[in-house]
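Notes to accompany the following structure.
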Amino acid sequence: MLHYTQMNLDRASAERKDPNWLLGQYGEKSRWLLVWNNKNLIVSSERELALLSQSQVDTLDRAEAVFLGIDDTYSYFALDVSEVEQELLQGCIDVSFDEHTFEQTFHFEDMRTIGPKLDAELASVGVLARGLCYWHKTHRFCGRCGSPNRPVEAGHARLCNDKECRHMTFPRTDPAVIMLVTHTFADGVERCLLGRQAQWPEGVYSTLAGFVDPGETLERAVIREVKEEAGVEVDQVSYLTSQPWPFPSSIMLGFIATAKSTDIFVEQDELEHAQWFSRADLNGFAEWGDDVPGYKLTRKDSISRYLVEYWRQQ
């Protein structure tokens, strides 16, 4: 199962536009997810996403709370507390701001670190909260006239304050293709093409990926990106699956493609190196984060890892 794909809350897209309906979701039936500097609040002892009651957030300003959705029991909200004084926040809940300190009841932690260890549905809600909070933080001004704007529609839009503009802005998701490229060589062994970026931990190799250009189909984006990054020509591009990736605002569209050429030319800044690997080669890879020399696989929560494992099992 791909991480972050189990966001099963009812988003109540029509109802959330009604302020009276939204007000009715507060109170005992609400649960609150706090985000601080792009980190989510975690229950330290349980290593689980924190769902606070309204009484626990009563002293916080909830004017810019973001409605996430409802299930049979609760209504869920996200609240960015990055600008809240740490002393005030610590007065509300016993919280640490160091994700490596777990002695206190709560701490803030990067979802890329904790996500693979969380319940699949809660992790999906957590990254949604993170992504929407990031969008609000980076879109405080109208993109049309430059005036300040404010959140509306339960945090799923921002409205320009200028009375002559009144431009409405909505969260955007950037499409990115990610592809496992394969080729059966003259020795009869099928291999996949993986590359690495210089800033990654030593030895980590991943499938190739890139953003979709304006006016470009997904299939053409796959062909172009592989050619640009590794100099390899591909065809037989087939869609496999997708993954929300709000780090900060992408949707990863996973493909399998067949290489028509095998010579690798890494000439762009994106990749430091690329190489063909067999299934037997991959069996000798260590994990991301392992303090050992040699090749390593990508994080287990990534669609890159999913594509590699899908191919290994064929």
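Note that the structure is predicted; figures quoted are calculated from it, not measured. Start at 1 with the first residue, then count along the sequence.
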CA sep, side-chain torsions, deciding dist, call: Arg196, Gln275, side chain to side chain contact (heavy atoms under 4.5 Å, CB included): CA-CA 9 Å; Arg196 64 167 278 104; Gln275 186 173 330; over 6 Å; no
Applying side chain to side chain contact (heavy atoms under 4.5 Å, CB included), can you list everything that pairs with [X], at least two apart in sequence or on another chain?
X	result
Glu202	none
Thr105	Asp94
Thr241	Leu2, Ile303, Tyr306

Backbone of [Y] reached by a side-chain donor or acceptor of [X] within 3.5 Å:
X	Y	value
Asp290	Glu287	yes
Ser250	Met252	no
His139	Tyr134	no

Do [X] and [Y] have side chains that get closer than 4.5 Å, going by heavy atoms?
X	Y	result
Thr5	Pro244	yes
Phe67	Leu22	yes
Val95	Leu34	no
Pro148	Cys142	no
Met179	Leu193	no
Val177	Val212	yes
Leu60	Leu89	yes
Val189	Trp276	no

Donor + acceptor pair across side chains of [X], [Y] (<3.5 Å):
X	Y	answer
Tyr295	Asp281	no
Arg130	Asn38	no
His107	Ser44	yes
Ser82	Asp80	yes
Trp311	Glu190	yes
His136	Arg158	yes
Ser304	Thr207	yes

Rounded distance [0.5 Å steps], [atom1] in [X] versus [atom2] in [Y]:
X	Y	atom1	atom2	answer
Trp200	Arg299	CH2	CZ	11.5 Å
Cys160	Phe141	SG	CZ	11.0 Å
Leu52	Asp58	CG	CG	11.5 Å
Leu41	Glu48	CG	CD	11.5 Å
Thr73	Tyr76	OG1	OH	6.0 Å
Leu180	Leu208	CG	CG	9.0 Å

Same cluster (ILVMFWY, side-chain, under 4.5 Å), Phe77 and Met111: no
Within one Ile-Leu-Val-Met-Phe-Trp-Tyr cluster: Trp245 and Val308, side-chain cutoff 4.5 Å: yes
What are the two closest non-hydrogen atoms of [X] and [Y], and how far apart are they?
X	Y	answer
Gly126	Leu33	CA-CD2, 4.1 Å
Pro246	Val127	CG-O, 3.3 Å
Phe255	Leu218	CZ-CB, 3.6 Å
Gln243	Ser302	OE1-C, 3.9 Å
Ala176	Phe211	CB-CD2, 3.9 Å
Ile264	Ala274	CD1-O, 3.6 Å

Of all pairs that satisfy side chain to side chain donor-acceptor pair (under 3.5 Å), the ones with a partner from residues 22-34, not counting sequence neighbours: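 Passing the test, one end in residues 22-34: Gln25-Ser75, Ser30-Trp32, Ser30-Gln54, Arg31-Tyr74.
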Any pair counted as salt bridge (Lys or Arg N to Asp or Glu O under 4.0 Å), so long as it reaches residues 215-224, sequence neighbours left out: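 Listed by first then second residue: Asp213-Arg224, Glu216-Arg224, Arg224-Glu228.
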Derivation and outcome, side chain to side chain contact (heavy atoms under 4.5 Å, CB included), residues Val181 and Ile256: CA-CA 6 Å; Val181 178; Ile256 302 288; over 6 Å; no
Test side chain to side chain contact (heavy atoms under 4.5 Å, CB included) applied to Val204 and Thr298, step by step: CA-CA 6 Å; Val204 171; Thr298 50; 4.1 Å; yes
May I ask you to check whether over 12 heavy atoms, not counting those of [X], lie within 6.0 Å of atom [atom1]?
X	atom1	result
Phe277	CZ	yes
Phe247	CZ	yes
Glu83	CD	no
Asp291	CG	no
Arg144	CZ	no

Between the side chains of [Y] and [X], is the shortest nitrogen-to-carboxylate-oxygen separation below 4.0 Å, so that they form an ion pair?
X	Y	result
Arg16	Glu153	no
Glu109	Lys39	no
Arg112	Asp301	yes

Partner set under salt bridge (Lys or Arg N to Asp or Glu O under 4.0 Å) for Arg166, not counting sequence neighbours: none
Positive for side chain to side chain contact (heavy atoms under 4.5 Å, CB included) with Leu49, one of Asn40, Ile114, Val43, Asp119: Asn40
Chi angles and distances behind the ring pair (Phe, Tyr, Trp, His ring centres under 6.0 Å) call for Trp288, Tyr205: CA-CA 9 Å; Trp288 175 296; Tyr205 277 74; over 10 Å; no
Ring centre gap for Phe185 and His183 strictly below 6.0 Å: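 Centroid separation for Phe185 and His183: below 6.0 Å.
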Side chain to side chain contact (heavy atoms under 4.5 Å, CB included) between Glu272 and Val266, worked out: CA-CA 7 Å; Glu272 177 186 59; Val266 176; over 6 Å; no
Aromatic plane relationship, Phe108 with Phe97 - under 30° parallel, 30 to 60° tilted, over 60° perpendicular: parallel
